[in-house]
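Numbers for residues simply follow the sequence, beginning at 1. Note: hydrogens, waters and symmetry copies are ignored here, and every other heavy atom, side chains too, is used. Both counts, for ligands and for their atoms, begin at 1 and track the order of listing.
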Amino acid sequence: MRKIIYSLITLLFVVSCENSNSHDSEKEKFINDLISKMTLEEKAGQMNQYNGFWDATGPMPEGDYQKKRYNELMNGQVGSMLNVIGVDEIYALQKIAVEETRLGIPLIFGHDVIHGYKTIFPIPLAESSSWDLDLMEKSARVAATEASADGLNWTFAPMVDISRDARWGRVMEGAGEDPYLGSLVAKARVKGFQGTDLSEINSIVACAKHFAGYGFSEAGRDYNTTDFNHFTLHNTIMPPFKAAVDAGVRTFMNSFNTLDEIPATGHIHIQRDILKGDWDFDGFVVSDWGSIDQMIPHGFARDGNHAAELAVIAGSDMDMESSLYVSKLVGLVNSGKVDINLIDDAVKRILRVKYELGLFDDPYKYCNNERSIQELGSDQNMQVALEAAKKSIVLLKNNNQLLPLEKEGKKIALIGPLADDKNSPLGNWRSQAVYNSATSVLEGMNKYKGNRIVFEKGVELYYGKTNFHNRVKLNYNDRSDFGKAKLAAATSDVVVMVMGEEGHQSGEGRSRTNIGLPGLQFELLKEIYKINQNIILVVMSGRPLDLSWADKNIPSIVQAWQLGSKSGDAIAQVLYGDYNPSGKLTMSFPRNVGQVPIYYNFKNTGRPSTSIEQVTNSGYADVVNSPLYSFGHGLSYTNFKYSNLTIDSGELDYNSKINISVKIENTGFFTGKEVAQLYIRDIVGSIARPMKELKGFEMIELAPGESKVVSFEIDSSLLEFYTYENKWEAEDGKFHAFIGTNSDVSDYKEFHLVK
Ligand code: BGC
């Protein structure tokens, strides 16, 4: 019987391989046939991407360029468009591509669907704080469902850049500072966007960006040069990109920065050798907005011709908004500067992805107005947004059990410029969110009827309307509402203060050198504190802020990021204890801006510092080295006690596994969730190794008094890194393994990896 089942399985396997192989060869044959019919102009056209007629997300050319672009579209010289929004517009443009051009090759339509389309989820940094990979896959799935229902088939997400510097505004778009967690999040998001089959109606192509090193922009200044060694590249920056490839991501976007003094767009080694070589990636690479042209001001390309030549040789397959491939590639091939095989390879990659989407079978498959009406912002999708918002909240501090709030008989002063803000919680990169469409904290709290809520804004954070294109104009002068807020605080039992960043203060081009509470908010916070110290500070921001003063003085602090459409409901449910906070930080919060870049997986140095008093050690004279809130930190309304850390062997060889476990007990009064985190330190390596590296985690839920043993398996693959020999491997020697509630954990067990 067993034999029969085995043969059956083998047969099925062979048949399915044959099917997929024959499908693959059908695909490749189709593409090769098509390429053989294409003129050089049409090939260059496939490699050309233009912004649509909606809002641009980068600088547009000056003058009357639209007519020229329209003609190019008619001539089959456009392969893709971005930022074309809505079924009707997409349909109209697709019709031109399919019905007016000689070969009728459909366009692929891209857009930044970063944290939702119409239904807005928490910004990605916030959502990563949930450590809930299924949730992240689910929210990406919903975003893909909505975007595809509105005509789109490609998102420029996930951003998988590791970020260690809170000055950089784009930290909001990623999953924080850790390559291990970042890799898992990258996989989850790619799976969510692309689904199990790209040709399904609700799957869209994902794009791993920005390749590579963009998160290391010097001094946190956007678009700036980077400077890191190739071990950092491989051990820290690359893992989430590699994970995205392993998860089947079909496109990559390169980045604005230089690395090794070479613009990423013109970087042969990372794009050709690593991505398309070592990793065998057969999707395509799109440039970032204008990044081919920007190789000129970088001082790397002499002119447009040279820039196009360098970019295509380096493996940038599609030109986003430089208009250089469409105008220069034909000449470059004809003059022998660029080999036609490179062009064919790029076009093949682009057509392959279009084929996988099923665009050659039905180019209008995403253009269905009914589906769009049904899907966008549906109740069901909003429920996922609420779940995601609750799970993304991180309780930073809770002294005196000020939280959760009692539900009856209290007078609560709700103060702060973000307390009634229905727009900021949507964050940056909010795609099709309706202006002012998030629930505010005021609305969320007003759903609880048992207390008296007195709302006073206290101060305006900014003037005017903000959007992707303008800078937030902060209020530094007008304190006229301070008085009313103080009065409310003086006569209330508890004060909830909602402060932080306006929704467009983080994101692209939003670097800041001061990461404190912006405008007059800090001043107001201190004024209120003089009157009533029972303060719960709810911080909304797109990045870690400097909360040192608040940490010293304010009893309860809730990090509420920018949580999307259901922000206010989620915050109210957490404040009232209907959801017990379970989020954990994925980026360290510095004590002040002088500490950044700051991250938990730092190197020890030769002179590690243990106190400010030490002079000739690697520390500061004014502040300790540790962050204010560490990576992995996040409290609950209950308490978890870790005990009995046990390892089943002190010796591991390359073919075996060992187990490490810990007992976790809920010693408090609420049911709660805890993310138990496994960290490993490799004591000596062929290159200096980090003090700790996250290597596993598990979320458990415990009722009061309940306990559970959490265990992790360790094998040599978990210990691998990019070594001095330029290879991924584990090295023999001594290791420490820790399991704890955050990256500060100090209790460890030792083991040796032996041959
Ligand atoms: C950003 C990308 C984005 C692109 C298209 C660029 O400025 O860096 O992340 O996908 O614009 O909007």
Side-chain angles (χ1 to χ4, degrees), residues 48-61 79-85 108-117 123-125 140 143 147 152-163 168-175 186 189-190 193 204-217 220-224 226 240-241 244 249-259 263-265 284-295 297-298 311 316-323 427-433 467-470 504 506-511 542:
N48 178 32
Q49 184 189 51
Y50 280 145
N51 189 67
F53 311 110
W54 191 68
D55 217 1
T57 46
M60 292 300 293
S80 170
M81 298 197 73
L82 77 153
N83 295 336
V84 182
I85 299 299
I108 177 169
F109 290 94
H111 180 57
D112 295 279
V113 183
I114 307 292
H115 55 113
Y117 185 69
I123 55 168
L125 178 64
L152 293 164
N153 40 37
W154 180 18
T155 176
F156 305 128
M159 182 188 106
V160 303
D161 297 311
I162 295 296
S163 24
W168 190 48
R170 298 196 83 166
V171 302
M172 59 141 307
E173 284 177 62
R189 290 188 168 143
V190 168
F193 287 127
I204 58 178
V205 174
C207 179
K209 70 185 190 186
H210 305 83
F211 200 59
Y214 187 34
F216 280 63
S217 298
R221 205 180 77 211
D222 209 359
Y223 318 122
N224 202 5
T226 65
F241 286 104
V249 76
R250 299 309 284 139
T251 67
F252 262 57
M253 184 186 290
N254 55 35
S255 56
F256 291 124
N257 55 286
T258 58
L259 62 145
T265 308
F284 70 89
V285 179
V286 63
S287 79
D288 204 345
W289 184 294
S291 68
I292 298 181
D293 193 37
Q294 288 160 29
M295 291 202 287
H298 267 302
S316 298
D317 302 308
M318 186 180 275
D319 169 2
M320 181 192 289
E321 271 298 338
S322 286
S323 304
N428 209 331
W429 291 119
R430 57 182 59 186
S431 193
Q432 297 310 295
N467 62 36
F468 185 83
H469 296 279
N470 62 16
H504 285 97
S506 48
E508 184 174 353
R510 268 72 176 192
S511 299

Exercise. Short list, please: which atoms of ligand 1 are under 4.0 Å from a heavy atom of His210?
Worked result: 2 (C), 8 (O), 9 (O)
Exercise. Does ligand 1 have any atom that is closer than 4.0 Å to a heavy atom of Glu173?
Worked result: no
For this session: Quick one: pull up CD1 in Ile85 and OG in Ser431 and give me the separation to the nearest 0.5 Å.
Result: 5.5 Å
Exercise. Can you check whether Asn51's main-chain N or O pairs, donor with acceptor, with Glu321's side chain at less than 3.5 Å?
Worked result: yes
For this session: Would you indicate whether the side-chain heavy atoms of Asn153 and Ile108 approach each other to under 4.5 Å?
Result: yes
Seminar exercise, completed: For atom 3 (C) of ligand 1, the closest protein heavy atom turns out to be Asp112 OD1, 3.2 Å
Problem set entry | Close-contact set for ligand 1 against Lys209 heavy atoms, below 4.0 Å | 2 (C), 3 (C), 9 (O), 10 (O)
Exercise. Looking only at heavy atoms, is any part of Asn83 under 4.0 Å from ligand 1, and if so is it the side chain, the backbone, or both, or is it neither?
Worked result: neither
Exercise. Among protein heavy atoms, which lies nearest atom 4 (C) of ligand 1, and at what distance?
Worked result: Asp288 OD1, 3.5 Å
Problem set entry | Side chain proximity check, Asp222 to Tyr214, heavy atoms < 4.5 angstrom | yes
For this session: Answer yes or no: does an N/O atom from Glu508 fall short of 3.5 Å to an N/O atom of ligand 1?
Result: yes
Exercise. Is His298 reaching over with its side chain to a backbone N or O of Ser291, donor-acceptor style, under 3.5 angstrom?
Worked result: no
Exercise. Would you call Asp161 and Trp168 a side-chain contact if the rule is heavy atoms closer than 4.5 Å?
Worked result: yes
Exercise. Any N/O of Arg170 closer than 3.5 Å to an N/O of ligand 1?
Worked result: yes
Problem set entry | Contact atoms of ligand 1, heavy-atom distance to Phe156 under 4.0 Å | 10 (O)
Exercise. Taking Asp112 as the fixed residue, which of Arg430, Lys209, Arg170 is the one that meets the salt bridge (Lys or Arg N to Asp or Glu O under 4.0 Å) rule?
Worked result: Lys209
For this session: Compare all side-chain heavy atoms of Val285 with those of Phe211 and state whether any distance is below 4.5 angstrom.
Result: no
Exercise. Can you find an N/O atom of Trp289 closer than 3.5 Å to an N/O atom of ligand 1?
Worked result: no
For this session: Find all atoms of ligand 1 within a distance of less than 4.0 Å from any non-hydrogen atom belonging to Phe256, and give their numbers and elements.
Result: 6 (C), 7 (O), 8 (O)
Problem set entry | Per-residue contact class, Met159 against ligand 1 - non-hydrogen pairs under 4.0 Å | neither
